**Student:** 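I have a structure here, written as structure tokens, and I will follow up with some questions on it.
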Amino acid sequence: MPELPEVETVRRGLQPVLGGARVVRVEQRRPDLRFPFPYGFAQRLTGARVDAVLRRAKYLLASLDTGETWVTHLGMTGRFLVERPEVQGESPGRFTHAAPEGAKHAHLALETDAGARVTFFDARRFGYMGLIPTAELGSHPWFAEIGPEPLEPGFDAAHLLGAFKGRSQAVKTVLLDQRVVAGLGNIYVCEALHRSGVSPRRPAGKVGRAAALRLVKDVRAVLEEAIIAGGSTLRDYAQADGLSGLFQHSWAVYGREGEPCIRPGCAGTVARFAQGGRSTFFCPRCQR
DNA sequence: CTTGGGTCCTGTGCGC
DNA sequence: TGCGCACAGGACCCAA
């Protein structure tokens, strides 16, 4: 479930449970995800206190009082399940529903000193975890070249124009490049391009200042709206679950091939084609 | 350097 | 009902 809004939603679910808590038990059920767990991972996590759960791009960062940061990338199917002791009158959090895959893909489980249990599931195992000295995060290969956070001031039209300049690659592909802007994935790139009226096929170098300004505004808007909605939940996960994300109901183009464009006054039909092996959805009528 | 394609892994949904 | 195939939110690696 992981583009920026989904990762941010997960962060907001984990922070109240892990922030300020001490990890008292770690059960690592396999040696690797996409990559091997770091050497001594469970032992190094056990006994640590989590200062805060943060996010950078699509990475979750749990900073520890040991001087290390526990880093998680959810890949395509990584999920966290939080279970807490029953608290009278408390409504369950967004992530307290049963994991759809069952226990089969529960690769890591930990308990806190407050009695909460946090389990990581990942059917496809495209996710990965690391334990990195906090002082070295910025220079670590996972983070060194990542671009600005789209919801922070460093992401502006001048930055985009600089990244686009002279590039013949399609603007959609360039926006997916985490070095250009952090946290965008296939869904929100399609959505932002549609809002801005920019064709995903347009060579990045041919995006002018006006379109770059619109893209900055619309990337921000779509991400902010998605965060408020708790992210998007794909079909396999959309079970009886008032707790999953809701933004999939607000998609203008993603997953809407053959359906009418929702832009007022546009009579176009949403089309789909492949770019770099991934589906792009757009309206050929109002995106140029 | 840029760009396109293949790859990791498993599950689901669709057409036949 | 079963089977094969296409496709899935990411990102790395390599070849041209």
Side-chain angles (χ1 to χ4, degrees), chain A residues 1-11 29-36 55-60 71-80 99-107 120-130 140-147 162-192 200-206 222-223 226-227 229-239 244-251 253-258 272-281:
Chain A
M1 49 188 302
E3 298 183 37
L4 187 151
E6 290 74 35
V7 179
E8 176 61 22
T9 301
V10 171
R11 186 196 73 75
R29 297 183 52 186
R30 54 175 300 129
D32 56 10
L33 297 171
R34 174 170 187 171
F35 308 123
R55 179 191 57 76
R56 171 75 171 114
K58 299 172 191 169
Y59 290 90
L60 289 162
V71 180
T72 300
H73 195 294
L74 300 174
M76 297 275 253
T77 50
R79 321 182 198 288
F80 277 102
E101 316 83 331
K104 184 176 172 189
H105 299 295
H107 305 313
F120 178 77
F121 300 81
D122 188 359
R124 288 177 75 178
R125 298 204 308 278
F126 281 8
Y128 47 98
M129 293 187 184
H140 188 278
W142 291 348
F143 300 100
E145 295 190 76
I146 290 191
F164 289 168
K165 188 175 181 184
R167 296 186 73 171
S168 60
Q169 206 173 16
V171 62
K172 188 237 185 178
T173 310
V174 175
L175 285 172
L176 281 175
D177 186 338
Q178 301 298 296
R179 294 170 296 187
V180 172
V181 55
L184 286 183
N186 207 35
I187 292 174
Y188 296 105
V189 161
C190 291
E191 293 297 313
R201 290 191 162 101
R202 193 140 131 207
K206 296 196 172 176
V222 74
L223 294 177
I227 289 170
S232 300
T233 299
L234 289 202
R235 50 189 171 285
D236 56 302
Y237 197 51
Q239 43 189 1
S244 47
L246 298 172
F247 195 72
Q248 64 276 14
H249 303 301
S250 300
W251 291 342
V253 286
Y254 191 85
R256 296 192 63 245
E257 180 184 18
R272 166 170 125 156
F273 69 105
Q275 270 180 311
R278 316 187 64 188
S279 286
T280 296
F281 295 87

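All values derive from a computational prediction rather than experimental measurement. Within every chain, numbering begins at 1; the chains are lettered A, B, ... in the order of the sequence lines, protein sequences first and strands thereafter.
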**Student:** C/dA8 phosphate, OP1 or OP2: any side-chain N/O from A/Ser279 under 4.0 angstrom?
**Tutor:** yes
**Student:** Heavy-atom count around A/Arg30 CZ within 6.0 Å, excluding the residue itself: above 12?
**Tutor:** yes
**Student:** Once each nucleotide of nucleotides 10-16 of chain C is scored for protein heavy atoms under 4.0 Å, what B/S/- sequence comes out, 5' to 3'?
**Tutor:** BBS----
**Student:** One pair to check against ring pair (Phe, Tyr, Trp, His ring centres under 6.0 Å): A/Trp142 and A/Tyr128. What are the steps and the verdict?
**Tutor:** CA-CA 11 Å; A/Trp142 291 348; A/Tyr128 47 98; 4.9 Å; yes
**Student:** How far apart are the closest heavy atoms of A/Ser250 and A/Glu191, and which atoms are they?
**Tutor:** O-OE1, 4.2 Å
**Student:** Over all strands shown, is A/Arg179 touching base, sugar-phosphate only, or nothing at heavy-atom distances under 4.0 angstrom?
**Tutor:** nothing
**Student:** OP1, OP2 of B/dT10 versus side-chain N and O of A/Arg125: anything below 4.0 Å?
**Tutor:** yes
**Student:** Send over the distance from A/Arg79 CZ to B/dG11 P, rounded to a whole Å.
**Tutor:** 12 Å
**Student:** Could you tell me how far apart A/Phe281 (CZ) and C/dC7 (P) are, to the nearest whole angstrom?
**Tutor:** 10 Å
**Student:** Using side-chain heavy atoms (C-beta onward) and a distance below 4.5 Å, is A/His73 in contact with A/Arg34?
**Tutor:** no
**Student:** Tell me which nucleotide, if any, is Watson-Crick or G-U wobble paired with B/dG11 when both distances must be under 3.5 Å.
**Tutor:** C/dC7
**Student:** How many Å lie between CZ on A/Phe247 and P on C/dG9, as a whole number?
**Tutor:** 16 Å
**Student:** What is the separation between atom NE2 on A/His107 and atom P on B/dC9, rounded to the nearest whole Å?
**Tutor:** 12 Å
**Student:** Say you draw a straight line from OG1 of A/Thr72 to CZ of A/Arg11; how long is it, rounded to the nearest 0.5 Å?
**Tutor:** 14.0 Å
**Student:** Between B/dG5 atom C1' and A/Asp177 atom CG, what is the distance in whole Å?
**Tutor:** 16 Å
**Student:** Return no unless some side-chain N or O of A/Gln169 is found under 4.0 Å from OP1 or OP2 of B/dT2.
**Tutor:** no
**Student:** How far apart are the closest heavy atoms of A/Ala204 and A/Val174, and which atoms are they?
**Tutor:** CB-CG2, 3.8 Å
**Student:** Search all heavy atoms of A/Phe247 against all heavy atoms of A/Ala226 and return the closest pair with its distance.
**Tutor:** CD1-CA, 3.5 Å
**Student:** Find out whether A/Arg167 and A/Val180 are in side-chain contact, i.e. whether some heavy atom of one side chain is under 4.5 Å from a heavy atom of the other.
**Tutor:** yes
**Student:** Please report the distance, rounded to the nearest Å, between NZ in A/Lys165 and P in B/dC1.
**Tutor:** 18 Å
**Student:** Within the structure, does a side-chain N or O atom of A/His105 lie under 4.0 Å from either OP1 or OP2 of B/dC9?
**Tutor:** no
**Student:** Roughly, in whole Å, what's the span from NZ in A/Lys172 to P in B/dT3?
**Tutor:** 15 Å
**Student:** Would you indicate, yes or no, if C/dG9 has its OP1 or OP2 atom less than 4.0 angstrom from a side-chain nitrogen or oxygen of A/Ser232?
**Tutor:** no
**Student:** Check every strand shown and say whether A/Thr173 touches a base, only sugar-phosphate, or nothing at a heavy-atom separation below 4.0 Å.
**Tutor:** nothing
**Student:** Distance check, C1' atoms only: C/dG9 and B/dT3, in whole angstrom units.
**Tutor:** 23 Å
**Student:** Quick one: is A/Lys104 getting a side-chain N or O under 4.0 Å of the B/dG11 phosphate, OP1 or OP2?
**Tutor:** yes
**Student:** Calculate the interatomic distance between A/Phe164 atom CZ and B/dC1 atom P; express it in whole Å.
**Tutor:** 21 Å
